[in-house]
Amino acid sequence: MRYGVVGAQGQLGSHLLQMLDAEAVGWNHSQANLTDVASLRAVLSDAAVNVVINCAAYNQVDHAESEPATAYDVNALGPRNLALLCEELRLPLVHISTDYVFGLDGQRKQPLCEDDPPGPISAYGLSKLAGEYFVRSICTRHFVIRTCGLYGHAARRGAGKGNFVETMLRLGHEREELRVVDDQHCTPTSVADLAEVLIRLTATEAYGLYHVTNSGETTWAQLAQTIFQLAGLSTRVVPIPTAEYPTKARRPAYSVLDCSRVMAVLGKPIPSWESALERYLAEREEPLAD
């Protein structure tokens with residue numbers, strides 16, 4: 001199996017390339033621009049890959065509120081272009097989506113499964129949902145993967161836009177106290193665990209829509225507290241409601257994803273968010289691989 005990874009410089013793409021080594025080829029934005037059909041066609045036609053994994057996205061959630069057309073171009077029309085080419089070339093396509101396709105049901109308290117109706121409440125979430133629909137309707141052999149709160153070591157090299165864990169560690173060394181939102185429920189996810197699931201899933205022909213996160217649920221304030229405890233930092237976390245931390249884009253109050261479907265296919269549980277975080281922090285003590 002040879003993999004083609006679009007968005008290879010981000011946290012997930014970088015980890016996939018490191019994990020797959022000689023079995024993968026990666027393309028950054030300049031090499032495979034989702035909005036440029038000609039460049040996509042050229043790289044895919046010449047790459048001799050067996051499956052394409054799309055990790056590229058416009059992930060600036062708040063900026064998307066003032067740049068909705070740009071977000072739609074990258075997150076919706078881009079995956080459409082990729083899906084059309086993968087269908088033409090008869091290549092399976094793995095497309096990474098987000099828990100932000102949910103949020104409209106403000107009273108939700110139970111993990112969301114793939115069959116629950118989506119309801120984005122931001123321009124970013126809307127653009128990602130449109131991208132899902134394009135991939136699912138165009139590319140016969142697709143894996144659409146919704147995930148949440150990704151973090152990986154590539155952010156320490158400046159890849160992507162950073163992640164919550166690294167941000168908290170930086171602020172934890174700078175401040176004695178942090179105010180963090182405590183009424184948004186989600187499941188932060190290690191790119192290492194997500195990448196392992198992706199590779200195992202692509203070895204099957206169980207195409208479709210999947211939720212893939214670490215197991216369990218937490219809030220951003222609880223996550224910050226756990227980060228500081230594991231890292232041996234004394235920074236105090238003050239839990240606050242979302243109303244006290246206004247942002248341009250609304251966030252889902254509850255976007256915990258039910259991963260039963262993928263676990264049934266693979267026959268293996270996904271590690272808890274606590275164990276994944278502990279492993280990540282332990283690995284930070286090791287030198288970064290080139």
Residues [X] and [Y] bridged, charged N to O under 4.0 Å:
{"X": "E196", "Y": "K268", "result": "yes"}
{"X": "R261", "Y": "D115", "result": "yes"}
{"X": "R284", "Y": "E166", "result": "yes"}

Is it the case that more than 12 heavy atoms not belonging to [X] sit under 6.0 Å from its [atom1] atom?
{"X": "E174", "atom1": "CD", "value": "yes"}
{"X": "E205", "atom1": "CD", "value": "no"}
{"X": "R250", "atom1": "CZ", "value": "no"}
{"X": "E278", "atom1": "CD", "value": "no"}

Hey, are the side chains of [X] and [Y] touching, using non-hydrogen atoms and a 4.5 Å cut-off?
{"X": "R136", "Y": "H142", "result": "yes"}
{"X": "L178", "Y": "R236", "result": "no"}
{"X": "V52", "Y": "V94", "result": "no"}
{"X": "L93", "Y": "R141", "result": "no"}
{"X": "Y151", "Y": "P188", "result": "yes"}

Please check if any side-chain donor atom of [X] sits under 3.5 Å from a side-chain acceptor atom of [Y], or the reverse.
{"X": "E65", "Y": "Y124", "answer": "no"}
{"X": "Q9", "Y": "S14", "answer": "no"}
{"X": "H211", "Y": "D258", "answer": "no"}
{"X": "E217", "Y": "Y254", "answer": "yes"}
{"X": "R279", "Y": "S275", "answer": "no"}
{"X": "T187", "Y": "N214", "answer": "no"}
{"X": "E283", "Y": "H153", "answer": "yes"}
{"X": "T235", "Y": "E176", "answer": "no"}
{"X": "D182", "Y": "T219", "answer": "yes"}
{"X": "S97", "Y": "E132", "answer": "yes"}

Going only through I, L, V, M, F, W and Y residues with side-chain contacts under 4.5 Å, is there a path from [X] to [Y]?
{"X": "I53", "Y": "V25", "answer": "no"}
{"X": "I145", "Y": "L266", "answer": "yes"}
{"X": "V6", "Y": "V135", "answer": "yes"}
{"X": "L40", "Y": "L89", "answer": "yes"}
{"X": "L194", "Y": "W273", "answer": "no"}

Requested in this report: Examine distances only and state if a side-chain atom of R251 and a backbone atom of A253 form a donor-acceptor pair shorter than 3.5 Å.
Outcome: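 No, because the side chain of R251 does not come within donor-acceptor range (under 3.5 Å) of the backbone of A253.
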Requested in this report: Give a yes or no answer on whether the side chain of K128 reaches the backbone of D99 with a donor-acceptor pair at less than 3.5 Å.
Outcome: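 Side chain of K128 to backbone of D99, a donor-acceptor pair under 3.5 Å: no, none is there.
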**Report entry** Working for salt bridge (charged side-chain N to carboxylate O under 4.0 Å, His left out), residues R2 and E23
**Finding:** CA-CA 5 Å; R2 183 166 169 80; E23 296 180 48; over 6 Å; no
Query raised in the report: Parallel, tilted or perpendicular for F164 and W220, by the 30°/60° rule?
Result: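 Answer is tilted, since the angle falls between 30° and 60°.
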Requested in this report: Apply the test salt bridge (charged side-chain N to carboxylate O under 4.0 Å, His left out) to residues D36 and R41: give CA-CA distance (whole Å), side-chain angles for both, the deciding distance (0.1 Å), then the verdict.
Outcome: CA-CA 9 Å; D36 185 342; R41 184 184 298 277; over 6 Å; no
Query raised in the report: Between I270 and S215, which heavy-atom pair has the shortest distance, and what is it?
Result: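 For I270 and S215, the tightest heavy-atom pair comes out as O-OG, 3.3 Å.
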**Report entry** Minimum-distance pair of heavy atoms, taken over all atoms of G125 and V101
**Finding:**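 Looking at all heavy atoms of both residues, the closest pair is O-CG1, 4.1 Å.
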Report task. Could you tell me the separation between the CG atom of N59 and the NE2 atom of H63, rounded to the nearest 0.5 Å? Result ->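 If we round to the nearest 0.5 Å, N59:CG and H63:NE2 are 12.5 Å apart.
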Query - Partner residues of Y207 under the ring-ring contact (aromatic ring centres under 6.0 Å, His included) criterion, sequence neighbours left out - result: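 Checked Y207 against ring-ring contact (aromatic ring centres under 6.0 Å, His included); matches are F143.
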